[in-house]
Amino acid sequence: MPVGTLATVKGVPQDVLEELGAEIILSNTYHLYLRPGVEQVRKLGGLHSFMSWPQAILTDSGGFQVFSLNDLRKVTEEGVTFRSHLDGSAHFFSPESAMQAQIGLGADIVMAFDECTEYPADEARARASMELTLRWAERSKRYFEEHKQEVPWTNATLISSHARTGFLARSGEHGPPVGVETPPVGCNPAPIQAEATQALFGIVQGGMDPALRKESAERTVEIDFPGYAVGGLSVGEPRHVTREIVEATLEHLPADKPRYLMGVGTPEEIVEYANLGVDMMDCVLPTRAARHGLLFTSEGKISIKQAHYAGDSGPLDPNCGCRVCRRYSRAYLRHLYASNEVLAQVLNTIHNLSFYLDTMRAVRHSISLGK
Ligand SMILES: [Zn+2]
């Protein structure tokens with residue numbers, strides 16, 4: 001999943017994301033809650049309508065940002081008090097308010113509110129944090145079940161957005177978003193009754209202790225969600241530990257439901273995790289690295305800022321068919337980056353996303369061949 005923190009994958013228009021074959025993107029509840037605000041997005045028909053993205057969206061719970069961007073946070077049983085990184089104002093997230101925010105934003109997949117255990121954490125701390133996340137998972141699910149009909153999809157704005165993008169005309173190709181029925185063509189659509197609702201996923205924590213991870217996975221599965229995420233990894237631990245914990249966790253999560261590994265990884269790592277049985281991943285790496293001139297290619301990583309590319313008339317990646325590699329030379333991309341041109345960030349991001357999405361297409365192809 002490409003990361004579109006503020007309802008935008010930085011530098012890439014939505015039609016280009018579609019051309020790249022992105023089928024789902026991730027947006028961040030914490031950032032959207034602060035700006036432009038959940039109520040604003042809800043009134044505009046939810047994220048799909050607001051950002052003109054008719055394909056799938058997943059929102060995180062806001063928990064990770066609250067824990068990673070806020071040194072002054074205060075955690076209690078009830079929830080987390082934190083300060084905005086924008087203006088220092090005080091805010092409070094609880095399982096209930098995080099669910100309320102995600103229902104208002106209207107993504108297809110929403111996440112339970114969890115505590116991302118810091119690294120390193122001793123066993124007592126990891127257990128206490130895991131127990132808190134389990135109690136918060138119960139509360140997240142209870143609030144979600146009581147309020148899941150309140151999705152903004154009931155607004156007719158979503159339909160007009162789809163009509164504008166021509167999405168409904170080709171809905172046979174992709175299928176409409178969850179909960180949206182296709183209205184009769186030419187009719188003034190009545191508000192849609194959202195029969196299907198969002199999917200709430202649970203999150204496994206437990207620090208770097210395989211036994212705690214097993215317990216967290218089993219007890220989260222007992223609460224019963226339509227999909228499960230492995231959280232609290234890529235928080236500073238060595239890579240071999242990440243892999244061990246992923247392996248130790250996955251075997252306790254049902255293989256017939258989506259298994260989502262949060263916040264990874266390099267192209268090599270996403271292949272490795274897919275091989276272990278992970279179905280979904282998100283990472284800022286392809287987009288963030290692109291903006292810093294770091295490009296992933298079939299021949300390895302390239303830092304396009306290096307002077308030796310100044311006269312290189314070859315494509316960025318001779319094995320990539322993306323619109324950037326088809327059209328521009330390494331010399332031109334190096335010039336754009338060195339000149340701090342906006343187009344450098346746009347083109348670099350498009351290529352990196354293309355490389356990641358191609359990588360996952362290759363993974364799916366291998367799976368379909370039984371390899
Ligand atoms: Zn390319």
Side-chain angles (χ1 to χ4, degrees), residues 1-6 8-27 51-53 55-57 173-174 261 263-275 278 280-369 371:
M1 295 179 284
V3 174
T5 296
L6 276 164
T8 165
V9 176
K10 293 187 196 308
V12 186
Q14 275 68 325
D15 58 321
V16 177
L17 286 175
E18 286 171 345
E19 175 190 294
L20 292 171
E23 295 173 289
I24 177 169
I25 62 169
L26 177 146
S27 273
M51 67 178 290
S52 184
W53 177 254
Q55 316 228 35
I57 303 173
E173 191 181 327
H174 297 286
L261 179 54
V264 297
T266 65
E268 296 78 21
E269 285 165 353
I270 65 175
V271 171
E272 192 181 329
Y273 293 134
N275 191 39
V278 172
M280 304 167 64
M281 289 166 267
D282 75 281
C283 194
V284 294
L285 187 57
T287 42
R288 183 176 290 165
R291 298 197 298 278
H292 292 99
L294 188 65
L295 301 169
F296 298 96
T297 78
S298 59
E299 296 166 343
K301 271 185 292 190
I302 282 181
S303 176
I304 200 65
K305 68 184 81 168
Q306 290 173 359
H308 64 93
Y309 295 120
D312 189 338
S313 62
L316 172 56
D317 182 350
N319 297 311
C320 177
C322 85
R323 61 158 70 195
V324 178
C325 293
R326 286 201 312 268
R327 182 152 190 166
Y328 304 104
S329 66
R330 289 175 170 182
Y332 183 62
L333 294 174
R334 194 263 168 187
H335 159 71
L336 291 178
Y337 189 85
S339 309
N340 202 23
E341 284 290 329
V342 169
L343 189 58
Q345 304 203 351
V346 173
L347 297 182
N348 291 347
T349 304
I350 290 172
H351 166 78
N352 270 0
L353 284 179
S354 179
F355 188 78
Y356 265 67
L357 292 164
D358 275 349
T359 300
M360 288 311 295
R361 271 188 285 272
V363 165
R364 286 195 287 272
H365 184 62
S366 292
I367 291 171
S368 72
L369 294 177
K371 289 185 184 174

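Every number for a ligand or one of its atoms is a count from 1 in the order of the listing. None of these values were measured; they are calculated from a predicted model.
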query = Which ring pair (Phe, Tyr, Trp, His ring centres under 6.0 Å) pairs, counting each pair once, include a residue from residues 304-333, with sequence neighbours left out?
reply = Tyr328-Tyr332

query = What heavy-atom pair brings Pro267 and Tyr356 nearest, and what distance separates the two atoms?
reply = CD-OH, 3.4 Å

Give a yes or no on this: more than 12 heavy atoms of other residues, nucleotides or ligands lie within 6.0 Å of atom [atom1] of [X].
X	atom1	answer
Asn340	CG	no
Arg361	CZ	yes
Arg364	CZ	yes

For the Zn ion (ligand 1), every protein N/O/S atom that sits closer than 2.8 Å, waters excluded = Cys320 SG, Cys322 SG, Cys325 SG, His351 ND1

query = Do the charged groups of Glu299 and Arg330 touch, with an N to O distance under 4.0 Å?
reply = yes

